[in-house]
S.K.: 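So that we are looking at the same thing, I have put the structure below in structure tokens.
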Amino acid sequence: MHTEEILRRTFAEISLDNLRDNVRALKGLVPKKFFFCPMIKSNGYGHGDIEVMQVLQEEGVTQVGVALVEEGIHLRQNGFRHVDILVFGITGQHGERSMIEHNLTPVISSFHQIKELASLVPKEKSPYGVHIKFNTGMNRLGFEADEVKKVTDMLKEYPHLEVKGVCSHLSDGEDASFLDGRSSVQFRIFQKIATHFPKNVGLHIHNSAGFLGSVATNDQCWGKSLNVSPHLKWGVRPGIALYGVYPSLSPQDLAQLEVQGVRLKPCMVLKSEVVKYHRLKRGQRVSYGGTWEAQRESVIGVVPIGYADGFGRNFSNKGQMLFRERRVPVVGTVCMDYVMIDLTEVLGDNFGSVGEEVVLFGKQGAAELSVDEVAKTADTIPYELLTCIGRRVPRQYVTGSI
Ligand SMILES: Cc1ncc(COP(=O)(O)O)c(C=O)c1O
């Protein structure tokens, strides 16, 4: 936990209790023997990797995923010695050496990675657990599907590498519930790949969308009914859902999840304050380039958050914030450290108090601006918004819901 004094009143308020509820809800959907690997890369999607890991550990999670070796080392150095940390990113020989040193689990995507790792594993750490990734349509990382025989042949040469898991990644997990979706093509390819590996190897392909889409499809109870298609029995790597943000599923899938009682709780509220007010005459302009011009006498509030904090320039003249539980527009260009809002509708020609709270996303009293909605106004997605909240924005952990 952060213990240093928080000076800045622009901060991300985070509820670890909500996170815990989400972990329980998601984990509860997965039968015990299934592979369950929450993704906590990029500082736990902006929520704080250590704090998130602590909750996961308390909830009995035994494996997590990161993108970088450095992210794995950070977890190890903060005392998480026993959890299995899967490193999904490709790294060079130097990174592989560090991975082994810190007992991180490589997710292998290339032949030379197999060879390098095999040459680096010391006797006392053999057999060293690895996961093998296949490309089934995302065309990012992973061996090609038609390389599976070559992969298994090569692995036979290196018995000190032990395949613990075989995985792939969905490019369109949102369509996992459709029989004719792109995911279904990936599922079929992955299913064939799986037949080349022993039955005890963990198979995992689902991200939040694939996972929850599949849960929505099977109203019996996910993975438990006998006639489910095989992909329902594959392990899951939920990321965004863990943090209480729904993936973009179809309205039917979302309704089905609701029926099944799956309710995710957002874990973060991004807050700031008004540090100064201005009264503008009609025709006066705001911020760099004067891209917003007052059409009437206006009251403008100055909010000390900017693109250096992850509140990007795309919000210029587009974004909204909550002030006194009402939506107010962002006016003018977003600066590095500041952004201005038009408070005329709420305050008339009065000023509010210095230090009055502003919410950039999340709840303020009865009002709410979801991170999803806010992301859309800047043509982005909640993932980007959450992971780009800057290091200089303090994370303030609160008990209870938010
Ligand atoms: C390999 C891998 N698995 C799982 C996830 C989790 O995805 P999501 O946050 O959509 O659940 C990601 C995230 O990008 C990923 O890269």
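Indexing begins at 1, ligand by ligand and atom by atom, following the structure's order.
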S.K.: At a 4.0 Å threshold, what atoms of ligand 1 neighbour a non-hydrogen atom of Y45?
M.R.: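 In order of number, 6 (C), 7 (O), 8 (P), 9 (O), 13 (C).
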S.K.: Counting from 1, what ligand 1 atoms have a heavy atom of F88 closer than 4.0 Å?
M.R.: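 Those atoms are 1 (C).
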S.K.: Please report which non-hydrogen protein atom sits nearest to atom 3 (N) of ligand 1, along with the residue it belongs to and the distance in Å to one decimal place.
M.R.: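 Residue, atom and distance for the closest contact: R237 NE, 2.9 Å.
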S.K.: Just checking K271: does its NZ atom have more than 12 heavy atoms from other residues, nucleotides or ligands closer to it than 6.0 angstrom?
M.R.: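 Enclosed: over 12 neighbouring heavy atoms sit under 6.0 Å from NZ of K271.
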S.K.: For the 3.5 Å polar cut-off, considering only N or O atoms, please tell me whether P238 and ligand 1 meet it.
M.R.: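 No; every N/O pair is 3.5 Å or more apart.
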S.K.: Side chains of Q54 and E58, heavy atoms from C-beta outward: is any pair under 4.5 Å?
M.R.: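 Result yes, sub-4.5 Å side-chain heavy-atom pair found.
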S.K.: Is the closest heavy atom of R140 to ligand 1 under 4.0 Å?
M.R.: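 So R140 counts as touching ligand 1.
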S.K.: Closest non-hydrogen protein atom to atom 2 (C) of ligand 1, residue and atom name please, with distance?
M.R.: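 Answer for atom 2 (C) of ligand 1: H169 CE1, 3.3 Å.
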S.K.: Before signing off on this row, confirm whether A209 and ligand 1 have an N or O atom pair separated by under 3.5 Å.
M.R.: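 No, A209 has no N/O under 3.5 Å of an N/O on ligand 1.
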S.K.: Please give me the minimum heavy-atom distance between N18 and I402, naming the atom from each residue.
M.R.: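 Heavy atoms only, the tightest pair is ND2-N, 3.6 Å.
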S.K.: Heavy-atom count around R20 CZ within 6.0 Å, excluding the residue itself: above 12?
M.R.: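 Yes, because the 6.0 Å sphere around CZ of R20 holds more than 12 heavy atoms from other groups.
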S.K.: Could you tell me if the ring centre of F35 sits under 6.0 Å from that of W234?
M.R.: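 Here the rings of W234 and F35 have centres that are no less than 6.0 Å from each other.
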S.K.: Please list, in number order, the atoms of ligand 1 under 4.0 Å from a heavy atom of K133.
M.R.: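 That gives atoms 1 (C) of ligand 1.
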S.K.: Do the rings of F197 and F134 sit parallel, tilted or perpendicular, given the 30° and 60° boundaries?
M.R.: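 The arrangement is perpendicular - the two ring planes meet at more than 60°.
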S.K.: For ligand 1, which atoms have a heavy atom of S208 less than 4.0 angstrom away?
M.R.: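 Within the 4.0 Å cut-off of S208, ligand 1 contributes 8 (P), 11 (O).
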S.K.: Taking only heavy atoms of K41 into account, list the atoms of ligand 1 that are under 4.0 Å away from them.
M.R.: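 Selected atoms, number and element: 12 (C), 13 (C), 14 (O), 15 (C), 16 (O).
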S.K.: Does ligand 1 have an atom that lies less than 4.0 angstrom from a heavy atom of Y383?
M.R.: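 Flag set, Y383 near ligand 1.
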S.K.: Nearest 0.5 Å, please: how far is CG in L270 from OG1 in T10?
M.R.: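 Between atom OG1 of T10 and atom CG of L270 there are 8.0 Å.
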S.K.: Does F315 have its ring centroid less than 6.0 Å away from the ring centroid of F311?
M.R.: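 Centroid distance F315-F311: below 6.0 Å, so yes.
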S.K.: So which heavy atom in the protein is nearest atom 7 (O) of ligand 1, and how far is it from that ligand atom?
M.R.: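 Checking every protein heavy atom, the shortest distance to atom 7 (O) of ligand 1 gives N207 CB, 3.4 Å.
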